[in-house]
Amino acid sequence: MKRYAAGMTWGEGPRWQDGALWLSDTQRAKLWTDHGGPWRGIPLDTVPNGLWFLPDGRLVGAMMHERRLGVWTGERFAPYADLSAIATGPLGDLVGDAHGNLYVDDIGFAAHAGEPPRPGRLRVAADGSAGVAAEGLEFPNGLAFVDEGRTLLVAETSPQRLTAFTATDDGALTARRTYADLAHLVGGDARPDGIWPTPDGVWVATTTAHALVLLRENELVTTVDTGTLLPIACCTDGENRLFATLADTHGLPLGEALAAKSVSTTVALIEEPSNARRTPRNEGAPT
């Protein structure tokens, strides 16, 4: 692994577009990017979480605490879709399909504030309208389309699994089923956060399992060990490079480190990861 960028507290929603990386810092209310110049964090008056690029190239973000989607103007996230009438908790990851439908996690409860768990939902917003696509999810987190957009995968962090839905052209989700049981395939510490699809499978950031894993349905393909660092989220550049946000809690338990704001995040660049390592895990932390 090679270090690509640093400076974030908690890096979520990495996305690669036109030769540049974008991601959210949910602990410092910043949008980070190297688009048009050096790596920099843009201070915001709202907290972005999941990010996605629309088919027309515009960047949209899930405003974590405002229960809305925003579109990036170059200076701020202007209103795009209002979810306040139907959202029950903070907004998480964000993904879109080829038809312009956007799916966003409604986590259901604020874990960082110590609220007790509640069922979460998936919201879909297209052309500024909003509706409920799925309910009864347990801490919905990373989102990704596979099978050429026919299947939507949802990382459910608490039950340690990836859940699959069949997606229709009008944005409906049907045929819910378990795609991968991470506790069984990876281990008891594997709690999925961000995920990213590739032709070889789906990459999963497992946070407290200290690994990035490549999965196919009910199959573990490749494991990349992250040493003492916690992988939060990941994306590729559309070719053979994997970018992953890795958190350092400096020896503290994750919840305690987040509360004390003692977490620091770097972005790691992994060249040709699907060919680099297969189970058992390799040794060593990234440099």
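Because the structure is predicted, anything quoted here is derived from the model rather than measured.
The environment of E219 atom CD is dense: over 12 non-hydrogen atoms of other residues, nucleotides or ligands sit within 6.0 angstrom.
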(request) Dump the intermediate steps for side-chain contact (heavy atoms from CB on, under 4.5 Å) on R177 and T151, then the final yes or no. (result) CA-CA 11 Å; R177 67 256 185 212; T151 301; 3.7 Å; yes
(request) Evaluate the side-chain contact (heavy atoms from CB on, under 4.5 Å) criterion for residues L23 and M8: first the C-alpha distance (whole Å), next the side-chain angles of each, then the deciding distance (0.1 Å), finally the verdict. (result) CA-CA 9 Å; L23 62 85; M8 296 76 64; 3.7 Å; yes
(request) Begin with the C-alpha distance, continue with both residues' side-chain angles, and end with the deciding distance and a verdict on side-chain contact (heavy atoms from CB on, under 4.5 Å) for R176 and T163. (result) CA-CA 7 Å; R176 178 175 176 169; T163 297; 3.7 Å; yes
(request) Please report the C-alpha distance between L162 and V204 in whole Å, then the side-chain angles of each, then the deciding distance to 0.1 Å, and finally whether the side-chain contact (heavy atoms from CB on, under 4.5 Å) criterion is met. (result) CA-CA 9 Å; L162 299 188; V204 182; 3.9 Å; yes
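Judged by distance alone, the side chain of D248 and the main-chain N or O of S264 form no donor-acceptor pair under 3.5 Å. A donor-acceptor pair under 3.5 Å links the side-chain atoms of T236 to the main chain of G238, judged by distance alone. A donor-acceptor pair under 3.5 Å is formed between the side chain of D225 and the backbone N or O of G227. At least one donor-acceptor pair closer than 3.5 Å links the side chain of D106 to the backbone N or O of G89. Listed for the T73 side chain is no donor-acceptor partner under 3.5 Å among the backbone atoms of A78. Panel note: side chain S24, backbone G13; no donor-acceptor pair is recorded below 3.5 Å. Listed for the T226 side chain is a donor-acceptor partner under 3.5 Å among the backbone atoms of H210. Formation of a donor-acceptor pair under 3.5 Å by the T157 side chain with backbone atoms of P192 is found in this model. Side-chain atoms of D97 come within 3.5 Å of backbone N or O of N101 as a donor-acceptor pair. Put simply, the side chain of R191 gets close to the backbone of D189: a donor and an acceptor are under 3.5 Å apart.
The distance from atom CG of L31 to atom CD1 of I42, rounded to the nearest 0.5 Å, is 5.0 Å. Rounding to the nearest 0.5 angstrom, the gap separating the CZ atom in F77 from the CE atom in M63 is 4.5 Å. L230 CG to T245 OG1: the interatomic distance, rounded to the nearest 0.5 Å, is 10.5 Å. Expressed to the nearest 0.5 Å, how far OG1 of T178 lies from CG of D181 amounts to 7.5 Å. D25 CG to T9 OG1: the interatomic distance, rounded to the nearest 0.5 Å, is 4.5 Å. Separating the CD1 atom in I232 from the OG1 atom in T206 is a distance of 11.5 Å, to the nearest 0.5 Å.
Linking ILVMFWY residues whenever their side-chain heavy atoms come closer than 4.5 Å, directly or via other members, leaves Y80 and F53 in distinct clusters. With hydrophobic clusters built from ILVMFWY side chains whose heavy atoms lie under 4.5 angstrom apart, L229 does not share a cluster with F243. Hydrophobic clustering, with ILVMFWY side chains joined whenever heavy atoms are under 4.5 angstrom apart, groups W22 together with L44. No chain of hydrophobic side-chain contacts below 4.5 Å, direct or via other Ile, Leu, Val, Met, Phe, Trp or Tyr residues, connects L51 to W10. Linking ILVMFWY side-chain heavy atoms closer than 4.5 Å, directly or via other members, places L153 and L215 in a single hydrophobic cluster.
Two residues are said to be in side-chain contact when any heavy atoms from C-beta on lie closer than 4.5 Å; T26 and M64 meet this criterion. Residues D193 and T207 are in side-chain contact: their nearest non-hydrogen atoms beyond the backbone lie under 4.5 Å apart. Between W203 and T222 the shortest side-chain heavy-atom distance falls below 4.5 Å.
Nearest heavy atoms, T249 versus A257: CB-CB, 3.7 Å. The two atoms that bring A130 and L83 nearest to each other are CB-CD2, 3.2 Å, heavy atoms only. Between S262 and H250, the closest heavy-atom pair is O-CD2, 2.8 Å. Among all heavy-atom pairs drawn from T198 and L214, the shortest one is OG1-CD1, 4.1 Å. Of all non-hydrogen atoms in A268 and L246, the two that sit nearest each other are CB-CD1, 3.6 Å. The two residues M1 and V224 have their closest heavy-atom pair at CE-CG1, 3.2 Å.
Using the six-membered ring where Trp is involved, W52 and W196 have ring planes that are tilted, between 30° and 60° apart.
Contacts classified as side chain to side chain donor-acceptor pair (under 3.5 Å) and involving residues 35-51 (residues at least two apart or in different chains) are given here: T46-E66. Sorted by first and then second residue, the ring pair (Phe, Tyr, Trp, His ring centres under 6.0 Å) pairs with a member in residues 140-181 read Y103-F145; sequence neighbours excluded.
Residues satisfying the side-chain hydrogen bond (donor to acceptor under 3.5 Å, both in side chains) criterion with S84, sequence neighbours excluded, are D82.
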